[in-house]
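Comments concern the structure below.
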Amino acid sequence: MKITLNESIPANRRPQVEKLVKSFASSSEIVWLPSRFPRFVMFIEPGPQDKSEPENGSIFESPQAGMTSLSSVTAILEDRIKACLATAEPRT
């Protein structure tokens, strides 16, 4: 699975966000791109092993239920990234 994340996430927090994404979608490839939209998760492209059904329309509003749809994965990751960024930056 290829997951495109918004470069608006601060560079010093990206390793933490990548770890969070990999904990949810372990075999994912993460790509960072700029965007003028406020979403952190901009695009998820299924890989050959992913079993999600093809969807019509927006990936952000799916008629499918469950965690296997791309919109569900997008929504879950978006919420987890927001929660992660809302916490204080860990001190090293």
Side-chain angles (χ1 to χ4, degrees):
M1 169 180 302
K2 183 176 179 181
I3 300 174
T4 303
L5 299 177
N6 195 330
E7 281 186 347
S8 67
I9 295 172
N12 64 331
R13 300 298 298 269
R14 290 182 191 172
Q16 185 180 11
V17 169
E18 285 187 13
K19 183 177 179 181
L20 179 140
V21 170
K22 295 271 187 188
S23 72
F24 184 76
S26 60
S27 61
S28 61
E29 171 191 354
I30 297 172
V31 178
W32 294 91
L33 292 175
S35 176
R36 62 182 180 192
F37 300 106
R39 291 196 169 269
F40 295 127
V41 181
M42 298 186 310
F43 188 71
I44 296 180
E45 180 181 339
Q49 294 90 332
D50 297 320
K51 304 209 183 329
S52 61
E53 295 293 320
E55 298 178 10
N56 295 325
S58 171
I59 66 167
F60 301 109
E61 299 172 7
S62 172
Q64 296 182 17
M67 288 183 50
T68 60
S69 73
L70 295 179
S71 62
S72 294
V73 172
T74 300
I76 291 166
L77 286 176
E78 187 78 18
D79 289 344
R80 289 184 181 187
I81 291 170
K82 285 180 185 176
C84 173
L85 294 175
T87 62
E89 185 174 341
R91 296 177 188 215
T92 55

**OP:** Step by step, work out the side chain to side chain contact (heavy atoms under 4.5 Å, CB included) result for Lys22 and Phe24.
**Re:** CA-CA 5 Å; Lys22 295 271 187 188; Phe24 184 76; over 6 Å; no
**OP:** Could you tell me whether a side-chain N or O of Arg14 sits under 3.5 Å from a main-chain N or O of Ile9, the two making a donor and an acceptor?
**Re:** yes
Original post:
At what distance, to the nearest 0.5 angstrom, does CG of Leu85 lie from CG of Leu20?
Top reply: 9.0 Å
**OP:** Flag the pair Thr4 / Ile44 as yes when at least one side-chain heavy-atom distance between them is below 4.5 Å, and no otherwise.
**Re:** no
Subject >> Taking every non-hydrogen atom, the tightest pair across Glu7 and Trp32 >> reply: OE2-O, 3.6 Å
**OP:** Check side-chain contact (heavy atoms from CB on, under 4.5 Å) between Lys82 and all other residues, then give those that pass, not counting sequence neighbours.
**Re:** Phe40, Glu78
Original post:
Is there a donor-acceptor pair under 3.5 Å between the side chain of Thr87 and the backbone N or O of Cys84?
Top reply: yes
Subject >> Under the side-chain hydrogen bond (donor to acceptor under 3.5 Å, both in side chains) test, residues paired with Glu29 that sit two or more places apart >> reply: none
**OP:** Output all residues satisfying side-chain contact (heavy atoms from CB on, under 4.5 Å) with Ser35, sequence neighbours left out; order by chain, then residue number.
**Re:** Asn6, Phe37, Met42
Subject >> Reported CE-to-OG distance for the pair Met1 and Ser26, which is rounded to 0.5 angstrom >> reply: 9.5 Å
**OP:** Just jot down the side-chain contact (heavy atoms from CB on, under 4.5 Å) partners of Ala75, sequence neighbours excluded, or say none.
**Re:** none
Subject >> Approximate separation, where rounding is to 0.5 Å, of Ile81 CD1 and Leu5 CG >> reply: 5.0 Å
Subject >> From OG (Ser27) to NZ (Lys2), nearest 0.5 Å >> reply: 14.5 Å
